[in-house]
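Bear in mind that the values here come from a model prediction, so they are computed numbers and not experimental data.
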Amino acid sequence: QLQLVESGGGLVQPGGSLRLSCKASESTLGYYAIGWFRQAPGKEREGVSCISWDDSLYYSESATGRFTISRDNAKNTVYLQMNSLKPEDTAVYYCAGGTLLVLDPDEYDYWGQGTQVTVAS
């Protein structure tokens, strides 16, 4: 069973940057689509970005132009580089593993525990 652990969250000022990491427990990470999702208090979980086994990419409208997803299969890790952060980006960020390159959380079977991102001055 694929296990995922996120890291890299924290407190950052508006306009700042963070890089989140999603470390997988097994070397078969390359066979999965990996998605990044976020959930703010009182809101539903929403998709941010995802990357397929062949490095096809997809971004939400809010992430396009500011966030970059990438993967390093040798390190069993997927990254989410977040630039020009805004207060509305504040949320718990999760990575998840699935088989389809979609931003629907219901299509993902394996989830990490999440990492908090807070954008505030």
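The disulfide bond (SG atoms under 2.5 Å apart) analysis of residues 75-121, with sequence neighbours excluded, yields the pairs Cys22-Cys95. Legend: ring pair (Phe, Tyr, Trp, His ring centres under 6.0 Å) pairs involving residues 49-71, not counting sequence neighbours: none detected. Identified under the salt bridge (charged side-chain N to carboxylate O under 4.0 Å, His left out) test for residues 72-88, with sequence neighbours left out: none.
By the side-chain hydrogen bond (donor to acceptor under 3.5 Å, both in side chains) test, Thr118 is found to be paired with Gln116, residues two or more places apart in sequence or in another chain being considered. Annotation: side-chain hydrogen bond (donor to acceptor under 3.5 Å, both in side chains) contacts of Ser52 (sequence neighbours excluded): Asp54. Partners of Cys50 according to the disulfide bond (SG atoms under 2.5 Å apart) rule, which considers only residues two or more places apart in sequence or in another chain, do not exist here. Under the side-chain contact (heavy atoms from CB on, under 4.5 Å) criterion, Val102 pairs with Leu100, Asp104, Glu107, Tyr108, not counting sequence neighbours. Asp109 is linked by a side-chain contact (heavy atoms from CB on, under 4.5 Å) to nothing, counting only residues two or more places apart in sequence or in another chain. Listed by chain and residue number, Ser25 satisfy the side-chain contact (heavy atoms from CB on, under 4.5 Å) test with Gln3 (two or more places apart in sequence, or in another chain). For Ser17, the side-chain hydrogen bond (donor to acceptor under 3.5 Å, both in side chains) test picks out Asn83, with sequence neighbours left out.
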Begin with the C-alpha distance, continue with both residues' side-chain angles, and end with the deciding distance and a verdict on side-chain contact (heavy atoms from CB on, under 4.5 Å) for Arg71 and Thr77. CA-CA 6 Å; Arg71 68 193 302 159; Thr77 303; over 6 Å; no
Start with the C-alpha distance between Gln13 and Leu85, add both sets of side-chain angles, then the distance that settles side-chain contact (heavy atoms from CB on, under 4.5 Å), and finish with yes or no. CA-CA 8 Å; Gln13 292 185 343; Leu85 284 162; over 6 Å; no
Might you work through the side-chain contact (heavy atoms from CB on, under 4.5 Å) test for Val5 and Gln113, ending with a clear yes or no? CA-CA 7 Å; Val5 178; Gln113 83 291 347; 4.1 Å; yes
Check the pair Leu80 / Thr68 against side-chain contact (heavy atoms from CB on, under 4.5 Å), numbers first and verdict last. CA-CA 6 Å; Leu80 184 69; Thr68 302; over 6 Å; no
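One hydrophobic cluster, built from ILVMFWY side chains closer than 4.5 Å, cannot hold both Leu11 and Leu18; they sit in different ones. Put simply, Leu4 and Met82 are part of the same group of oily side chains (I, L, V, M, F, W, Y) that touch within less than 4.5 Å, one to the next. No continuous path of hydrophobic side-chain contacts links Val117 to Leu103 [ILVMFWY only; heavy atoms under 4.5 Å].
When every heavy atom of Ser56 is checked against every heavy atom of Leu101, the shortest pair comes out as CB-CD2, 3.7 Å. Contact detail for Ser60 and Gly47: the closest heavy-atom pair is CB-O, 3.5 Å. When all heavy atoms are compared, the tightest approach of Tyr94 to Gly112 is CD2-O, 3.6 Å.
At distances below 3.5 Å, at least one donor-acceptor pair connects side-chain atoms of Thr90 with backbone N or O atoms of Val119. Although no hydrogens or angles enter the test, the distance criterion places no donor-acceptor pair under 3.5 Å between the side chain of Gln81 and the main chain of Ile69.
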Distance-only criterion, 3.5 Å: show the donor-acceptor pairs between side-chain atoms of residues 30-39 and protein atoms not counting sequence neighbours.
| unit_1 | atom_1 | unit_2 | atom_2 | d |
| --- | --- | --- | --- | --- |
| Arg38 | NE | Glu46 | OE2 | 2.6 |
| Arg38 | NH1 | Asp89 | OD1 | 2.9 |
| Arg38 | NH1 | Tyr93 | OH | 2.9 |
| Arg38 | NH2 | Glu46 | OE2 | 3.2 |
| Arg38 | NH2 | Ser62 | OG | 3.4 |
| Gln39 | OE1 | Arg45 | NE | 3.3 |
| Gln39 | OE1 | Arg45 | NH2 | 3.4 |
| Gln39 | NE2 | Lys43 | O | 3.1 |

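Between Thr115 and Val92, the closest side-chain pair of non-hydrogen atoms is not below 4.5 Å.
Note that OH of Tyr79 is 9.0 Å distant from OG of Ser7, once rounded to the nearest 0.5 Å.
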